[in-house]
Number of protein chains: 2
Amino acid sequence: MEDCYVRYAMDVIGGKWKLLIIWTILQNGVIRFNDLQRKVDGISSLMLSKNLKELKEDGLILRHQYNEIPPRVEYELSELSQKLIVVLQSLSEWGCEVYKYKKPSI
Amino acid sequence: MEDCYVRYAMDVIGGKWKLLIIWTILQNGVIRFNDLQRKVDGISSLMLSKNLKELKEDGLILRHQYNEIPPRVEYELSELSQKLIVVLQSLSEWGCEVYKYKKPSI
DNA sequence: CAGTATCCCCGTAGATACTG
DNA sequence: CAGTATCTACGGGGATACTG
């Protein structure tokens with residue numbers, strides 16, 4: 001089935017938070033855990049932690065850990081997720097058309 | 001937040017079956033309920049019914065009902081979902097890169 | 001043929017508390 | 001600062017049975 005790579009992509013960027021996290025890192029460049037939590041509105045440290053871990057395992061973000069006190073960990077986008085941005089833009093345009101279809105009254 | 005149209009798109013094509021259903025209708029053109037169920041591997045009539053209903057409400061498919069005996073209902077893709085195909089192809093290419101990242105051993 | 005009604009399971013998301 | 005452990009809630013997805 002030819003759509004299985006699409007399914008694969010959806011597995012990796014699906015869920016409630018992942019795209020929001022990627023989007024936030026995109027806008028901020030290198031960013032730390034607590035800064036990220038402040039900017040991704042409403043996310044708990046648990047969810048952020050889980051999602052960052054998965055995104056890292058899927059190769060979408062890079063994690064840099066500095067063994068300092070207090071601890072410092074920085075996150076940034078990988079090349080893979082930067083390629084994703086273009087795709088998301090076209091998906092966004094399509095989503096906009098869906099929106100217009102569903103709200104013709106506005 | 002600029003990604004909300006993406007979220008909107010994901011809401012509409014998300015879930016386990018929707019892309020599979022769209023893909024199947026794309027390959028078959030106009031198609032009937034039971035034919036669709038046979039070609040979308042593993043789907044129950046309940047799930048197919050639910051998903052077709054939502055896809056229709058979101059403007060992705062067209063439903064033609066003929067009041068015959070036995071009843072005949074045909075489904076086909078709308079223009080909206082045909083525009084989606086191009087986007088899905090680029091998403092599929094990206095998903096393929098993710099796949100290559102995760103399985104460098106193969 | 002083309003569905004709907006009902007009940008159930010399990011995985012994702014979240015709240016709370018705690019730690020190196 | 002940067003997380004993890006534990007428990008709970010909710011909803012998508014599914015099995016089964018039934019119908020115009």
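What you are looking at is a predicted structure, and each value in this text was computed from that prediction instead of being measured. Every chain is numbered from 1 and lettered A, B, ... according to where its sequence line falls, protein lines coming before strand lines.
- Using five terminal pairs a side, the axes of the helix from C:dC1-D:dG20 to C:dG20-D:dC1 at its two ends make an angle of 60°, given in steps of 10 degrees.
- Set against C:dG3, C:dC1, D:dA2, the side chain of B:R38 has C:dC1 as its closest nucleotide.
- Here the straight-line distance linking atom CD of A:Q89 with atom CG of A:L84 works out to 10.0 Å at 0.5 Å rounding.
- For A:F33 and C:dT19, the CZ to C1' distance is 14 Å, given to the nearest whole Å.
- A perpendicular orientation is assigned to the rings of B:Y99 and A:Y8, their planes being inclined by more than 60° (bins at 30° and 60°).
- Across the protein-nucleic acid pair, A:E54 atom CD and D:dT4 atom C1' stand 15 Å apart, rounded to whole Å.
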List every contact pair, protein side and nucleotides 13-16 of chain C side both N or O, where the distance is under 3.5 Å.
residue	atom	partner	partner atom	Å
C:dA13	OP1	A:K16	N	3.0
C:dG14	OP1	A:K16	NZ	2.3
C:dG14	OP2	A:W17	NE1	2.6

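- Proximity of A:E74 to A:Y66: side-chain heavy atoms (C-beta onward) are separated by under 4.5 Å at one or more points.
- Within the 4.5 Å cutoff, the side chain of B:L80 has heavy atoms near those of the A:W94 side chain.
- The distance from the CH2 atom of B:W23 to the CG atom of B:L77 is 10.5 Å, given to the nearest 0.5 Å.
- To the nearest 0.5 Å, atoms OG (B:S81) and CD1 (B:I21) are separated by 12.0 Å.
- Residues A:K16 and A:N51 are not in side-chain contact: their nearest non-hydrogen atoms beyond the backbone lie 4.5 Å or more apart.
- Computed from coordinates, the B:K18 NZ to D:dG13 C1' distance equals 12 Å when rounded to whole Å.
- One interatomic measurement links the two molecules: NZ of A:K53 to C1' of D:dA5, which rounds to 12 Å at whole-angstrom precision.
- Expressed to the nearest 0.5 Å, how far NZ of A:K83 lies from OG of B:S90 amounts to 13.5 Å.
- Atom-to-atom distance recorded for B:R32:CZ and B:Q37:CD is 13.5 Å, nearest 0.5 angstrom.
- If you take NZ on A:K50 and CH2 on A:W17, they are separated by 13.0 Å, rounding to the nearest 0.5 Å.
- Residue B:R32 has a polar side-chain atom (N or O) positioned under 4.0 Å from OP1 or OP2 of C:dA2.
- Between B:L36 atom CG and C:dA2 atom P the separation is 10 Å, expressed in whole Å.
- Within 6.0 Å of the CD atom in B:E79, the count of heavy atoms belonging to other residues, nucleotides or ligands does not exceed 12.
- As rounded to whole Å, 13 Å separates atom C1' of D:dG13 from atom CZ of A:R7.
- Of all the residues in residues 55-77 of chain A, A:P71 reach under 4.0 Å from DNA chain C with at least one non-hydrogen atom.
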